[in-house]
A.B. asks: 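My structure is below; once you've seen it, I'll send some questions.
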There are 2 protein chains.
Amino acid sequence: MRKKIYVHVADDHKILIEGIIAIIKTDKDIEVNGFSLNGAEVLEWFSKKKNKADVLILDITMPVIDGIEVLKHLNKLKIDHKTIVLSSYDDVKIVEEMLKLGCLGYISKNNAGEHIINAIKAVSRGEQYFSDDIQRKLIKSISGQSVPEGNLPNKFVIEQLTDRELKVLKLITEEYNTTQIADKLNIGISTVDTYRKNLLRKIKVKNSVGLAMYAVKNNIV
Amino acid sequence: MRKKIYVHVADDHKILIEGIIAIIKTDKDIEVNGFSLNGAEVLEWFSKKKNKADVLILDITMPVIDGIEVLKHLNKLKIDHKTIVLSSYDDVKIVEEMLKLGCLGYISKNNAGEHIINAIKAVSRGEQYFSDDIQRKLIKSISGQSVPEGNLPNKFVIEQLTDRELKVLKLITEEYNTTQIADKLNIGISTVDTYRKNLLRKIKVKNSVGLAMYAVKNNIV
DNA sequence: GAGTAACTCCCTATAAATGGGGAGCTGAAT
DNA sequence: ATTCAGCTCCCCATTTATAGGGAGTTACTC
C-alpha cells in the first residue's frame, strides 16, 4: 500500500470543511489531519514543526488573513507547500495571481466534489491540477486576449489598512454617507473624506461601490 | 425499521451539496433524493408530483430565485414543505422573516455539520430546530431589544427587477459610473439614472453601495 | 531628537449621484 | 381595443462623492 497523503483544509465555513472531509473519507489513500477556519490559523498550524500536511486546500476568502496573504506568508516563511486553491471567484486574474504565488491546483467550488480527490493526488505528486471550468477560462484568456503579462498582480497587493480606515470602510458598506460616518465616529467630515480617499487609493478601486465589493470579497464586513 | 426520511438539498455551490450528502450518508434513516443549484430548480422539482421530499434544505443566497422567494412561491403554490434554512447570514431579521415564511429549522453554515442530522429528524417530525448560535441570537434579540414586531419584513420583499435593471445593477457593482453604463448599454444617461432610481426604490437601499451589497448577497453578480 | 505612521482637519473645484416629477413608445395580454 | 409593464428619455434641484493639494497633532521607533 502506498503512503498516505495528509491534507489540511482551510475554509471559513465549517460545513464546507466537513463536506470535504466526508468526500475525502471515501478514498483510503488520503486523510485530513488538520483544518483551519481562517488564514491566521493556517499559518499558525503550518509553523508548528510537528504538524505536517502534504496538501493544503485553501479558500481565498477568509477572515483575518485571506488565502492570498496565506500563500505570501508561506512563501516568505520558506514553508514548502502544495496548495490547491478552492474558490468561488473564478476571475482569471485571481487564478493567475495564485499561480504566481505557487499554488499547484485551482478548483472552482461549483464542481469541487468531482475533482477534489484527483486534484489532491495530482498535486501531491507535484503535478498541476485545474478543474474543467478553470481550464476553459485560462485557455480563453490566454488564447483570446493574449494576457497582458505585466499588469495583473498589483490589484491584489493592497497596502495595509489602518484601524480608522477599516471602520470607515465598514460603515461605507452599511450605506452610510460621509456625514453620517463622521457623526458615528465623532470626527469631522473632512477626516472621513480623507479616509475614503486613502481607501480608494490603497484598494485601487474607482468608487465606494468598489470599496464595498472589496470588503465583501475579503470578508471585512 | 422506521420509515426513511427523504431530503432535497438546494444550494448554488455543488461542493456544499455534496458535502451534505456525504454527511447524511452516515445516517441510514435519511436519504437525499434530489438537489437543486438554484431557486428555480427547487420550484420546478417540487411542482412535479412524482417528486416528494420530507425535508427541504434551503440556502438563502442562490441565483435566479433566492431562498426567500422559494419559500414564498412554495407557500403560494400550497406546496407543503418542511424547510431547514441553511445560511451564512445570521441576521436575526432574516431568521425571523424566514420563520414567518414557514421554515421550521434554521442552521448557520458555520456549524451545520454537527446539527444537520438532528435538524432533519426534528423537522421531519414537525418540530422546530435551530443551531446554537442562531438560538443565542434569537434570544438576545427578543430579550434585549424586545424585537420591534411590525417593522421587519418589507426589507426583504423586493419587487421583481427587470432585465435592464439587472444589467445596470451588475455594471454598478463593477464600479462603472452612470456615463460609462450608458455607453456600455447604448442608452442615454437619463435612462441609466432612471434605472438606478428604480433599483434604489425597489431594493429599498440608500445608495449604490447598498445596491452592490444587495447584489452580492443575492449572487446577482 | 529626527523620522515616521496614524489620526485629524482644512481649502478648492469638479464630477457624480440622488430625488421628484413627467412622458412617449412598444409589444404582449385581456 | 384598451390596459399595462417595460424601455426609453427629459426637466429641475440638491446633495454627495471624488480629486488634488496642504498641514498640525500624537506616539512610537531608531
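Letters go in sequence order (proteins before strands), and every chain restarts at 1.
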A.B. asks: Write down the distance between CG (B:D183) and C1' (D:dT8), rounded to a whole number of angstrom.
C.D. replies: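 Rounding to the nearest Å, CG of B:D183 and C1' of D:dT8 are 16 Å apart.
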A.B. asks: Checking A:E165 side chain against A:L161 main chain: does a donor-acceptor pair fall under 3.5 Å?
C.D. replies: no
A.B. asks: A:I172 has an atom CD1; how far is it from atom P of D:dA17, in whole Å?
C.D. replies: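 Going from A:I172 (CD1) to D:dA17 (P), I get 8 Å.
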A.B. asks: Using a heavy-atom cut-off of under 4.0 Å over every strand shown, decide if A:T194 touches base, sugar-phosphate, or nothing.
C.D. replies: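 The answer is base, as A:T194 lies within the cut-off (heavy atoms under 4.0 Å) of a base atom.
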A.B. asks: Checking the side chain of B:D59 only, and the main-chain atoms of B:A10 only, is there a donor and an acceptor separated by less than 3.5 Å?
C.D. replies: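 Between the backbone of B:A10 and the side chain of B:D59 there is no qualifying donor-acceptor contact (under 3.5 Å).
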A.B. asks: Classify the nucleic acid contact of A:N207 as base, sugar-phosphate or nothing, counting any heavy atom under 4.0 Å across all strands shown.
C.D. replies: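 Touches sugar-phosphate only.
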A.B. asks: Using whole Å, report how far NZ of B:K197 lies from C1' of D:dG6.
C.D. replies: 16 Å
A.B. asks: Rounded to whole angstrom units, what separation is found between the CG atom of A:L211 and the C1' atom of D:dT18?
C.D. replies: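 So the two atoms are 11 Å apart, to the nearest Å.
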A.B. asks: Rounding to an integer number of Å, can you tell me how far A:N198 CG sits from D:dT18 C1'?
C.D. replies: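 After rounding, the gap between these two atoms is 13 Å.
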A.B. asks: What residues from residues 184-191 of chain B pass a heavy-atom cutoff of under 4.0 Å to DNA chain D?
C.D. replies: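 B:I187, B:G188, B:S190, B:T191, in order of number.
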A.B. asks: Under the 3.5 angstrom rule, does the side chain of A:D11 hit a backbone N or O of A:I17 as a donor-acceptor pair?
C.D. replies: no
A.B. asks: What is the distance, to the nearest angstrom, from the CG atom on A:D163 to the C1' atom on D:dA27?
C.D. replies: 14 Å
A.B. asks: Of all the nucleotides listed (D:dC9, D:dC7, D:dT18), which has the minimum atom distance to the side chain of B:Y195?
C.D. replies: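 Taking heavy atoms from C-beta onward, the closest nucleotide is D:dC7.
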A.B. asks: Is it true that a side-chain atom of B:Q180 and a backbone atom of B:Y176 form a donor plus acceptor pair closer than 3.5 Å?
C.D. replies: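 Looks like no, no N/O pair under 3.5 Å.
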A.B. asks: Tell me, please, the opening and closing nucleotides of DNA chain C, 5' to 3', among those with an atom under 4.0 angstrom from a non-hydrogen atom of chain B.
C.D. replies: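 Range of nucleotides touched by chain B: C:dA16 to C:dG21.
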A.B. asks: Could you give the distance from NE2 (A:H8) to OG (A:S36), rounded to the nearest 0.5 Å?
C.D. replies: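 Here the interatomic distance stands at 2.5 Å.
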A.B. asks: What's the CG-P distance between A:D193 and D:dG21, to the nearest Å?
C.D. replies: 16 Å
A.B. asks: Measure from CD on A:Q180 to P on D:dT16 and round the result to the nearest Å.
C.D. replies: 8 Å
